[in-house]
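First comes the structure, then the notes that go with it.
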Amino acid sequence: MAIEALPPALLMILGGLMLPLLPKRAQDPLMIFLPLATLWAVWQIADGPMMLVRFLDMVLEPVRGDAVGRLFASVFSLMAFAGGLFALKQPSGLERAAALVYAGGAVGCALAGDLISLFVFWEIMAVASTLVIWSSDQPAAAKAGMRYALMHLFGGAVLMAGIAGHAIGGGSLDVTAMTLDSPANWLILIGVLVNAGAPPFSAWIADAYPEGSFSGSVFLSAFTTKTAVMVLIKGFPGTELLIWIGLAMVFYGILYALLENDMRRILSYSIVNQVGFMVCAVGIGSDMALNGAAAHAFAHILYKALLLMSAGSVLMMTGGKRKCTELGGLYRSMPITTVCGIIGALAISAFPFTSGFVSKSMIAQGAADQHLVWVWALLQAASAGVFLHAGIKFPWFVFFQKDSGLRPADPPAPMRAAMILLAAACIGLGVFPGALYALLPAPTDYQPYTADHLVSQFQLLLFAGLAFFVLLPLMKRTRTLSLDFDWLYRRLLPDLLRALAPPANRLGAALTAQALAGVKAVTGVVGRSHGPDGSFGRPWPTGRSVAVILGLLGAYLIFAALGHP
């Protein structure tokens with residue numbers, strides 16, 4: 001077997017497992033080198049299966065090249081490189097090792113050619129990302145990591161049940177397009193949507209990601225939800241249900257981000273919002289829409305990492321402050337972080353000449369091409385909402401608004417370098433989109449920079465910006481808590497069970513007493529007939545026994561004679 005046929009993911013997975021065994025001076029170069037080596041290995045893979053493995057009378061394809069997998073594996077590797085550079089000042093060896101394994105699992109999912117291999121890498125991601133959360137120094141990291149692990153164990157179990165049912169029903173194990181014509185395929189879709197953060201399973205993103213460390217949240221934002229998008233592109237293109245699920249995610253994320261006070265929770269809800277655009281595009285299912293989903297996933301990984309790097313820098317340099325009400329005026333002492341944060345905010349808002357504009361406009365164009373007027377209109381309205389919560393609210397309250405009196409410096413050089421690198425990528429892809437379009441799954445000659453696109457987008461952004469400052473008194477957050485769906489099973493259900501416990505205990509005691517009384521009555525009847533003094537329990541005289549036996553024998557002979565003349 002040629003070395004290029006081996007899964008490129010093994011470079012980061014094995015490297016991450018070995019990392020804690022090495023001295024610190026050897027760990028830093030590996031954090032930078034392994035993602036670049038993985039990127040090189042990804043581009044050595046030709047289209048088609050590169051590796052075949054026999055397992056339980058099945059032929060598995062742990063490595064198969066295709067355009068979608070190559071695009072996602074490439075951006076996962078680039079993100080691991082930028083995230084590793086940002087994390088060089090991270091003292092936790094566990095987090096750095098888990099982050100590499102996590103990124104390797106994502107690359108493995110992108111290139112997996114069969115559902116079993118996909119599931120194996122999927123679970124590697126779940127375990128490694130949980131360790132990233134648990135290695136954080138945030139006070140709520142332990143509990144958030146446990147809830148995160150339980151959610152992903154649930155999603156993984158549903159996915160595995162679907163894969164098993166799909167295989168038993170005679171379906172192909174290839175990662176290819178499926179239809180919702182069987183319970184097994186529904187289970188596969190549900191398992192994927194759990195990882196995508198679709199309602200009602202969206203709260204885990206805002207619950208877990210903000211509890212990562214200053215660098216851990218950067219890795220957490222990049223891989224899990226986008227891997228789910230990649231599987232949807234391959235497995236469920238054109239599934240109309242996904243249009244409405246995606247739109248629900250879009251507006252859910254906007255609403256909760258506008259209500260939020262924690263800067264990293266704002267960006268976490270924004271992840272749900274942005275993934276909603278991609279899920280909606282997969283549901284539309286045309287070549288333009290699927291290209292838009294893939295391109296937007298690529299762009300989103302980079303600008304969302306940039307935003308969380310700027311937030312992580314603020315968190316680190318201010319000694320853990322993360323509430324909008326605690327921050328403000330940081331542009332005075334953190335100019336590089338401020339500029340990079342603004343570039344990320346413009347990119348997520350699809351501002352012209354940034355990466356978000358050249359990718360998100362493809363999704364809207366896909367809806368227009370299919371004459372989905374309401375879908376197009378809702379996506380346009382959502383774009384204005386994105387500018388409100390991520391494009392303006394995040395940088396305004398964190399870096400501007402009032403003077404909080406804080407004067408932290410910009411973060412150390414590796415962290416600044418990572419932010420500048422991703423800021424340059426956001427602008428570079430926006431100015432020269434052809435490099436991104438060349439990687440897309442379907443050939444395209446799409447031109448984002450037309451007069452209509454530019455004018456309509458500038459009008460949209462200008463309207464949203466004006467609305468923000470007009471409504472600024474309403475936008476200012478206080479120390480409040482926004483209830484999400486997870487409140488039902490995290491608070492309401494336990495409280496309800498505690499409230500029902502006393503009457504349930506009384507009912508259980510009454511039923512137990514009645515059951516014991518019934519058993520006592522039955523045993524009394526049996527005791528009277530079969531006990532030592534009962535008719536069946538005391539010894540019989542020999543003569544009576546012989547008489548009974550002779551009677552039974554006589555009855556048998558009479559019935560035998562009547563039945564056989």
Side-chain angles (χ1 to χ4, degrees), residues 47-49 58-61 64-69 71-72 109-122 154-201 224-250 275-294 296-297 362-363 366-367 369-372 374-375 379 440-442:
D47 287 348
M58 297 180 291
V59 178
L60 307 183
E61 299 177 14
R64 183 171 70 193
D66 60 63
V68 175
L71 179 142
F72 277 88
C109 287
L111 297 176
D114 66 273
L115 294 172
I116 301 297
S117 299
L118 173 70
F119 178 77
V120 170
F121 287 116
W122 192 278
F154 165 71
V158 172
L159 178 63
M160 187 69 252
I163 293 173
H166 183 74
I168 292 171
S172 171
L173 284 177
D174 289 347
V175 180
T176 188
M178 292 174 274
T179 56
L180 298 178
D181 57 358
S182 68
N185 288 358
W186 275 98
L187 288 175
I188 293 174
L189 178 62
I190 292 171
V192 175
L193 288 175
V194 169
N195 261 30
F201 306 109
T224 299
T225 53
K226 264 59 73 181
T227 300
V229 170
M230 182 272 301
V231 176
L232 291 176
I233 292 173
K234 289 187 176 184
F236 296 95
T239 301
E240 186 175 350
L241 174 65
L242 294 178
I243 297 176
W244 310 111
I245 293 175
L247 288 173
M249 295 174 69
V250 164
V275 172
F277 280 93
M278 304 168 208
V279 172
C280 181
V282 174
I284 295 171
S286 64
D287 283 350
M288 176 64 74
L290 293 177
N291 276 344
H296 201 50
M362 297 183 78
I363 298 175
D369 290 347
Q370 299 302 308
H371 307 291
L372 300 172
W374 281 107
V375 175
L379 290 176
L440 297 180

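The shown structure was predicted, so the numbers you read here are calculated from the model rather than taken from an experiment. As a basis for the values below, the full set of heavy atoms in this structure was taken, side chains included, without hydrogen atoms, waters or symmetry mates.
Residues passing the salt bridge (charged side-chain N to carboxylate O under 4.0 Å, His left out) test with Asp287, sequence neighbours excluded: none.
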| field | Stepwise side chain to side chain contact (heavy atoms under 4.5 Å, CB included) check, Trp122 with Asn195 | value | CA-CA 10 Å; Trp122 192 278; Asn195 261 30; 3.0 Å; yes
| Could you go step by step and tell me if Ile284 and Asp369 meet the side chain to side chain contact (heavy atoms under 4.5 Å, CB included) rule? | CA-CA 10 Å; Ile284 295 171; Asp369 290 347; over 6 Å; no
| task | Quick one: do Leu111 and Phe121 satisfy side chain to side chain contact (heavy atoms under 4.5 Å, CB included)? Show the steps, please. | result | CA-CA 10 Å; Leu111 297 176; Phe121 287 116; over 6 Å; no
Please tabulate, for side-chain N and O atoms in residues 160-178, each donor-acceptor pair with protein atoms closer than 3.5 Å (sequence neighbours left out).
{"residue": "His166", "atom": "ND1", "partner": "Asn185", "partner atom": "OD1", "Å": "2.8"}
{"residue": "His166", "atom": "NE2", "partner": "Ser172", "partner atom": "O", "Å": "2.9"}
{"residue": "Ser172", "atom": "OG", "partner": "Asp174", "partner atom": "N", "Å": "3.1"}

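Residues Val375 and Ala367 share a closest heavy-atom pair of CG1-CB, 4.1 Å. Of all the heavy atoms in Val229 and Phe72, the pair that sits closest is CG1-CZ, 4.4 Å. Annotation for Ala293 and Met278: closest pair CB-O, 3.8 Å, computed over non-hydrogen atoms. Nearest heavy atoms, Pro441 versus Val68: CB-CG2, 3.6 Å. Closest of all the heavy-atom pairs between Pro237 and Leu290 is CB-CD1, 3.9 Å. Nearest approach of Val194 to Gly155, heavy atoms of both residues: CG1-CA, 4.0 Å.
Counting only residues at least two apart or on different chains, the salt bridge (Lys or Arg N to Asp or Glu O under 4.0 Å) pairs with a member in residues 232-241 are Asp66-Lys234.
A donor-acceptor contact shorter than 3.5 Å links the side chain of Arg64 to the backbone of Gly113.
Taken from OG1 in Thr239 to CH2 in Trp244, the straight-line distance is 14.5 Å, to the nearest 0.5 Å. Here the CG-CD distance, from Leu115 to Glu61, works out to 10.5 Å after rounding to the nearest 0.5 Å. The CH2 atom of Trp186 sits 11.0 Å away from the CG atom of Asp181 when rounded to the nearest 0.5 Å. Residue Leu187 holds its CG atom at 9.0 Å from CG of Leu159, rounded to the nearest 0.5 Å. Residue Thr227 holds its OG1 atom at 9.0 Å from CG of Leu118, rounded to the nearest 0.5 Å. Of the inter-residue distances, the one linking Asn291 atom CG with Met362 atom CE reads 4.5 Å to the nearest 0.5 angstrom.
The aromatic rings of Phe154 and Phe201 sit tilted relative to each other, their planes meeting at an angle between 30° and 60°.
Under the 4.5 Å side-chain criterion, counting only non-hydrogen atoms from C-beta, Phe236 is in contact with Ile188.
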